[in-house]
Structures are given as C-alpha cells and as structure tokens.
Amino acid sequence: MGWNSWDSYGLTITEAQFRDNVKVEATVLKPYGWTYAVIDEGWFLENPQDRPTPEKLRYALDAYGRYVPVTDRFPSAAGVGEPSFAALGAWVHARGLKFGIHIVRGIPRESVRRNLPVEGSAFHAQDVADTSDSCPWDPTNWGVRDNAAGQAWYDALFRQYAAWGVDLIKVDCIGDHPYKVSEIRMIRRAIDRVGRPMVLSLSPGPMNLSHVDEVRELAQMWRISDDVWDDWTNDKSFPISVKSQFARAAAWARYARPGDWPDADMLPVGELRPSPGFGPARSSRLTHDEQQAMLALWSMARSPLILGANLTLLDEWTTKLLTARDVLRIDQTATASRQVMRDGDMIVWTADLPDGEEALAVFNVGDSAADIDRPLSAYGLKDVSWDARDAWNGVDLGRQVKFHGRLEPHSCAVWILHR
C-alpha cells in the first residue's frame with residue numbers, strides 16, 4: 001500500500017511536491033497501512049516537457065552512466081559527490097514510510113554513446129548495451145545483454161539504489177510488450193547480491209498467465225494489465241477501464257500469496273493534477289460509486305493498493321474512501337479470495353479472513369439499478385446465520401442469512417461476516 005507520483009505529476013514531479021504528498025501520507029494515511037512513497041518516471045530528465053521530441057531530452061548521469069536525480073528539481077540530491085536520492089530517502093524513512101523509484105529497464109543510450117565505464121567492473125557501456133533491443137514506447141534506454149557485462153551493469157545500478165535507501169523499485173518495459181525475463185533475472189540477482197530488501201514491481205501488463213511460475217520466483221508484484229485510468233468503461237485498447245479489470249482480477253486471484261501479488265495497477269481516484277501522466281489535469285472521472293467499486297475489487301483480489309491521487313488535495317469523501325479500515329483489512333489480511341459468481345451484471349467475490357471471518361463483495365457493473373435477494377449460501381458460504389457488518393462504514397447489520405438490497409449502477413456492497 002502506498003502512493004505513486006505518476007497519476008498526478010507524470011514526468012514532472014519535484015522534490016517539494018513529493019515532500020508535500022509524503023507529509024499527508026505520513027499523517028493522514030499511514031495509520032491505515034499506506035506505507036510506500038514512490039517517485040515515478042522522469043526524475044533524471046532535465047527537460048521533461050520535451051518528452052514528445054526525444055532528440056531534445058537532456059539527462060542527469062553520474063560518471064558511470066547511471067541516472068541521477070536532477071538537482072534543479074530535487075535540491076537535496078546535491079552535495080558531496082554525484083547527485084543522490086540518499087537524503088530524500090532518509091527523510092521518507094524518518095516519517096515511518098518506505099521509499100521507491102521508477103526506472104525503465106536497460107542502460108541509458110547517452111551512456112552508451114559516451115561509452116562510460118560500469119562501476120565496479122572492467123566493462124564499459126558498449127559492452128552492456130543491446131542496441132537491437134529498445135523499449136517500443138520509451139526513447140531513453142537500450143536493452144541489456146544477457147552476459148557478464150549486463151549483470152555487472154545491473155549490479156552497479158542496484159548498489160546505487162541501495163545506497164539511496166530504496167525500498168521498492170518499479171521496473172518498466174519488462175512485464176509485457178516486451179516480456180524480458182532475462183533482464184528480470186539479472187535484476188533479481190542484483191537485488192539479492194546488494195543485501196538490501198527491495199520490492200520488485202514489474203510493469204507494464206498484461207503479464208501473461210503462462211509466466212506465473214517465473215514471475216512468482218523473481219518479483220513481488222507484477223501488473224496484470226496495461227495502464228488503468230479513470231474510465232469505468234471504454235472501447236479502447238489503452239487506457240484500460242475499471243470494468244474490464246474484473247475478468248483479469250478473477251483470472252489472477254488464485255496466484256496471489258504472501259510475497260507475490262498480481263497488481264491491478266494504480267488507483268486514479270481524487271484529484272489527478274497538476275500534470276497527470278495521461279490526459280489533462282482533472283478530478284477523477286470515476287463517480288463515487290465507481291471509485292468504491294474499484295477499491296473493493298482491488299481489495300478482494302488482494303492487489304497492491306497504490307494511490308495516484310494528489311494527496312495534498314484530498315477531500316473529505318476521498319479521505320473516507322482511503323481509510324475504510326475493513327475494506328483495507330480484506331486486501332491486507334485475506335488468505336484466499338475468488339470470484340464466486342457472475343450473473344449478468346452481478347459479480348460476487350468472497351475472501352477468507354483470519355479467525356474464521358469471511359468477506360463478501362457484491363458488484364453491480366451494469367448501467368441500471370439491480371435488486372438482489374439471494375441466500376449467502378448461493379455464494380459458497382456456509383448455510384448458517386452470520387453476523388454482518390458493512391465494511392464501508394462499520395455499521396452492524398445484525399444476523400443475516402441472505403444478501404438483500406438494491407445496488408445502484410456501477411456500485412457495490414462489501415460485508416464482513418462472522419459466526
């Protein structure tokens with residue numbers, strides 16, 4: 001659980017903006033389990049506004065060809081020696097949070113052009129780079145050869161990140177289009193060698209189900225779809241709509257286990273401004289019911305929960321959504337979960353909680369209100385009377401043997417059940 005800068009700041013995040021969001025996370029959200037604070041793509045770009053014209057981009061690099069933070073945007077990175085995120089990472093840790101960054105797999109093209117040395121080795125960048133392999137949507141890097149030079153590059157990279165106090169590394173252009181298992185393996189070795197625990201997050205998706213055994217061995221989280229934004233439904237291949245995630249989450253739920261989490265992507269709730277990674281600055285286009293349904297699905301599927309909202313602009317309703325303790329408890333403590341029914345526009349999930357409790361989520365994904373009246377046993381639960389509690393507001397619903405109620409379009413109900 002945590003926050004990532006992409007949905008509100010895109011390539012443009014500054015240290016001041018990052019610190020302002022972290023302060024809110026630490027004071028308002030941390031008591032509910034929100035722990036990670038992640039700087040997404042572009043922290044090494046001196047002129048991120050020129051991303052549409054890659055030939056104009058300027059990069060901050062150290063003497064060994066590794067990206068470093070741009071000190072004009074991250075002033076605490078300046079100091080003795082090369083620019084570093086070490087001071088900012090320590091500041092995040094001092095607030096009881098964990099620090100993460102985003103990278104694109106590979107080696108900077110600029111480092112290859114200058115053939116810079118690889119720290120801690122006799123290799124140079126041109127020994128490392130596979131110039132026949134590039135990310136189809138990112139102009140910054142070349143791929144890395146699966147050889148000793150490539151491993152030396154990733155070892156040097158993760159020594160740098162360990163020195164910065166990085167706790168989570170989101171690696172992009174590696175989970176799908178294309179899936180680069182050779183580089184994932186090199187990254188895994190580099191993390192293991194450096195001696196600092198780091199969560200390895202693989203993007204983008206959709207991760208193919210055929211790779212599940214490999215990625216559960218190598219990473220802690222991996223994307224099950226391409227980027228999700230604030231559309232309930234659309235007819236596009238990009239971005240991915242919330243409604244379309246129901247089928248993906250159902251297919252992946254059985255593979256979630258401690259240390260290995262299928263990732264349904266960030267939560268584009270609240271205010272997505274001033275410079276979101278996709279589209280204009282805006283309030284989330286998802287209605288309140290749709291935002292609730294999204295958080296409920298992610299939680300029932302036991303996905304990582306990574307916020308995209310600008311935390312400095314949280315309103316009362318969004319804060320209440322993100323501090324729904326029972327819903328978050330499902331995400332964080334369920335030992336198994338599954339979709340148990342899809343009947344037209346009604347989708348039902350259950351999840352097993354500690355101490356014999358169960359969670360039940362009933363979704364109406366259709367465009368009309370639905371009246372539902374079914375025994376709880378129809379959802380695979382024991383045919384007994386359960387004590388029920390509304391997970392959104394903590395209201396005790398008394399003894400229940402069935403789910404009875406009206407669900408508005410794109411809405412859900414979530415109950416905690418105990419005997």
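Along the sequence shown, the residues carry numbers beginning at 1.
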Atom OH of Tyr255 and atom CD1 of Ile224: how far apart are they, to the nearest 0.5 Å?
12.5 Å

Give a yes or no on whether a salt bridge exists between Arg223 and Asp265, defined as a side-chain N under 4.0 angstrom from a carboxylate O.
yes

Is Ser111 reaching over with its side chain to a backbone N or O of Gly65, donor-acceptor style, under 3.5 angstrom?
yes

Beyond-backbone contact of Ile184 with Ile174, side-chain heavy atoms, under 4.5 angstrom
yes

Does this structure show an ion pair linking Asp331 with Arg302, if we count only N-O contacts that are shorter than 4.0 Å?
no

Going by atom types only, do Asn47 and Tyr59 share a side-chain donor-acceptor pair under 3.5 Å?
no

In Met221, His102, Lys170, the residue satisfying side-chain contact (heavy atoms from CB on, under 4.5 Å) with Ser203 is Lys170

Using modelled atom types only, decide if a donor and an acceptor are shared between the side chain of Ser284 and the backbone of Leu286 within a distance under 3.5 Å.
yes

Between Asp326 and Val414, is there a side-chain heavy-atom distance shorter than 4.5 Å?
no

Identify the residue among Asn21, Thr14, Asp40 that makes a side chain to side chain donor-acceptor pair (under 3.5 Å) with Tyr9.
Asn21

Is it the case that the side chains of Glu271 and Ser283 hold a donor-acceptor pair, with the cut-off being a distance below 3.5 Å and no angle test?
yes

Aromatic ring pairing Tyr161/Phe158, orientation class (parallel under 30°, perpendicular over 60°, tilted between):
perpendicular

Would you say Met1 and Tyr36 make side-chain contact, with heavy atoms under 4.5 Å?
no

When the aromatic ring centroids of Trp229 and Phe238 are compared, is their separation below 6.0 Å?
no

Is there a donor-acceptor pair closer than 3.5 Å between any side-chain N or O of Arg389 and the backbone N or O of Ile416?
no

Min side-chain heavy-atom separation Leu305-Leu328 under 4.5 Å
yes

Looking only at atom types and distance, does a side-chain atom of Asp7 sit under 3.5 Å from a main-chain N or O of Leu272, one as donor and one as acceptor?
no

Would the distance check show the side chain of Gln400 and the main-chain N or O of Trp386 forming a donor-acceptor pair, the cut-off being under 3.5 Å?
no

Would you call Asp352-Arg338 a salt bridge at under 4.0 Å N-O?
yes

Does the side chain of Thr287 come under 3.5 Å of the side chain of Asp289 through a donor N or O and an acceptor N or O?
no

Can you tell if the side chain of Val118 reaches within under 4.5 Å of the side chain of Tyr64, non-hydrogen atoms only?
no

Taking NZ, NE, NH1 and NH2 as the nitrogens, is one of them in Arg66 or Glu119 under 4.0 Å from a carboxylate oxygen of the other?
yes

Residues forming a disulfide (SG to SG under 2.5 Å) with Cys173, sequence neighbours excluded
Cys135

Which atom of Pro280 lies closest to which atom of Pro276, heavy atoms considered
O-CG, 3.4 Å

Carefully, step by step, assess Trp252 and Trp261 under the rule side-chain contact (heavy atoms from CB on, under 4.5 Å).
CA-CA 9 Å; Trp252 276 100; Trp261 305 112; over 6 Å; no

Hey, are Arg374 and Asp343 close enough for a salt bridge, meaning a charged N less than 4.0 Å from a carboxylate O?
yes

Can you check whether Gly2's main-chain N or O pairs, donor with acceptor, with Thr35's side chain at less than 3.5 Å?
no

Which pair of non-hydrogen atoms, one from Glu183 and one from Val144, has the smallest distance, and what is that distance?
OE2-N, 3.4 Å

Can you establish whether the number of heavy atoms outside His404 located under 6.0 Å from its atom NE2 is more than 12?
no

Any side-chain donor-acceptor pair under 3.5 Å between Glu15 and Ser76?
yes

Going by an N to O cut-off under 4.0 Å, is there a salt bridge joining Arg329 and Glu357?
yes

With no hydrogens and no angle check, is any side-chain donor or acceptor of Gln245 less than 3.5 Å from a backbone partner on Ala264?
yes

Who pairs with Phe85 by ring-ring contact (aromatic ring centres under 6.0 Å, His included), at least two apart in sequence or on another chain?
Trp43, Phe74, Phe99, Trp164

Starting at OG of Ser8, measure out to CG of Leu311 and round the result to the nearest 0.5 Å.
7.5 Å

Take Arg257 and Asp260, measure what salt bridge (charged side-chain N to carboxylate O under 4.0 Å, His left out) needs, and give me the verdict at the end.
CA-CA 5 Å; Arg257 66 184 184 187; Asp260 299 303; 2.7 Å; yes

With His410, the side chain to side chain donor-acceptor pair (under 3.5 Å) member among Asp345, Thr233, Asp367, Asn364:
Asp367

Check the surroundings of atom NZ in Lys180: do more than 12 heavy atoms from other residues, nucleotides or ligands lie under 6.0 Å from it?
yes

Determine, step by step, whether Glu110 and Leu61 satisfy the side-chain contact (heavy atoms from CB on, under 4.5 Å) criterion, reporting the C-alpha distance in whole Å, the side-chain angles of both residues, the deciding distance to 0.1 Å, and the verdict.
CA-CA 9 Å; Glu110 178 64 13; Leu61 299 169; 3.6 Å; yes

So, the side chain of Arg406 versus the backbone of Ile372: is there a donor-acceptor pair under 3.5 Å, distance only?
no

Reported CE-to-CG distance for the pair Met207 and Asp226, which is rounded to 0.5 angstrom
12.5 Å

How far apart are the C-alpha atoms of Val199 and Ile169, what are their side-chain angles, what is the distance that settles it, and do they pass the side-chain contact (heavy atoms from CB on, under 4.5 Å) test?
CA-CA 6 Å; Val199 172; Ile169 186 79; over 6 Å; no

Between Asp138 and Arg109 (salt bridge meaning N to carboxylate O under 4.0 Å), is one present in this structure?
no

Is the backbone of Ser385 close enough, under 3.5 Å, to the side chain of Arg399 for a donor and an acceptor to pair up by distance?
yes

If the threshold is 4.0 Å, N to carboxylate O, is there a salt bridge linking Arg285 and Asp230?
yes

Rounded distance [0.5 Å steps], CH2 in Trp392 versus CH2 in Trp415:
15.5 Å

Donor-acceptor under 3.5 Å (Arg73 side chain, Ile13 main chain)
yes

Could you tell me whether Asp155 and Arg193 make a salt bridge, using a distance below 4.0 angstrom between a side-chain N and a carboxylate O?
yes

Below 4.0 angstrom, N of the basic side chain to O of the carboxylate: do Lys243 and Asp231 qualify?
no

So do the side chains of Trp91 and Arg19 get within less than 4.5 Å of each other, counting heavy atoms only?
yes

Rounded to the nearest 0.5 Å, what's the gap from CD1 on Ile39 to CG on Leu88? Could you check?
5.0 Å

side-chain contact (heavy atoms from CB on, under 4.5 Å) between Leu314 and Leu322, worked out
CA-CA 10 Å; Leu314 288 181; Leu322 302 180; 4.2 Å; yes

Where do Pro268 and Val228 come nearest, in terms of heavy atoms and distance?
CG-O, 4.2 Å

Taking side chain as C-beta onward, heavy atoms only, is Val38 less than 4.5 Å from Ile306?
no

Within the 4.5 Å heavy-atom criterion, are Val92 and Lys98 side-chain neighbours or not?
no

Ion pair check, Arg185 and Glu214, cut-off under 4.0 Å
yes

Straight-line distance of Ile347 CD1 to Phe363 CZ, nearest 0.5 Å
7.5 Å

